[in-house]
Amino acid sequence: MSTTNEDKAAKWQKTRQLGKARYVMYYGVAMWGISLAVLFTAIEWLTQQTLTPSWFTIRIIVFGIIGFLVANFRWDGNERKYAPRPPSKKR
């Protein structure tokens, strides 16, 4: 394993201590969901000079679900890539 991969693996081990549920809620729902909802609401404000509360609610829900899925897939991918594996048994 190269130094870069070892660094990433060490960082993942630290992040892994959060647990999957917290990781998905923090990085997926909070970071992706809220950030994208705010970004698209800001774009709405800048282009139309109006804010529609129902659209903001819809954005929070939709981007929260998307963020949940993205973070869930990232967790699984990082687990496959960086999780420690038990030593293989020789026959």
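Just so you know, these numbers use all the heavy atoms, side chains as well, and skip hydrogens, waters and symmetry mates. Everything numeric here is computed off the predicted structure, so don't read it as measured data.
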Counting only pairs under 3.5 Å, give me each side-chain donor-acceptor contact of residues 23-41, with atom names and distances, residues two or more places apart or in other chains.
{"residue": "Ser35", "atom": "OG", "partner": "Met31", "partner atom": "O", "Å": "2.5"}
{"residue": "Thr41", "atom": "OG1", "partner": "Ala37", "partner atom": "O", "Å": "2.7"}
{"residue": "Thr41", "atom": "OG1", "partner": "Arg59", "partner atom": "NH1", "Å": "3.2"}

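- Each salt bridge (Lys or Arg N to Asp or Glu O under 4.0 Å) pair with one or both residues in residues 8-17, not counting sequence neighbours, appears once here: Arg16-Glu79.
- Within the structure, salt bridge (Lys or Arg N to Asp or Glu O under 4.0 Å) pairs that include any residue of residues 21-30 do not occur (at least two apart or interchain).
- Scored by the side-chain contact (heavy atoms from CB on, under 4.5 Å) test, Thr50 finds Glu44, Gln48, Thr52 as partners (sequence neighbours excluded).
- The line from OG1 of Thr15 to CH2 of Trp75 is 8.5 Å long, rounded to the nearest 0.5 Å.
- Here Gln49 pairs with nothing under the side-chain contact (heavy atoms from CB on, under 4.5 Å) rule; sequence neighbours left out.
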Scan the side chains in residues 60-72 for donor-acceptor partners under 3.5 Å anywhere in the protein, sequence neighbours excluded, and list what turns up.
{"residue": "Asn72", "atom": "OD1", "partner": "Lys20", "partner atom": "NZ", "Å": "3.0"}

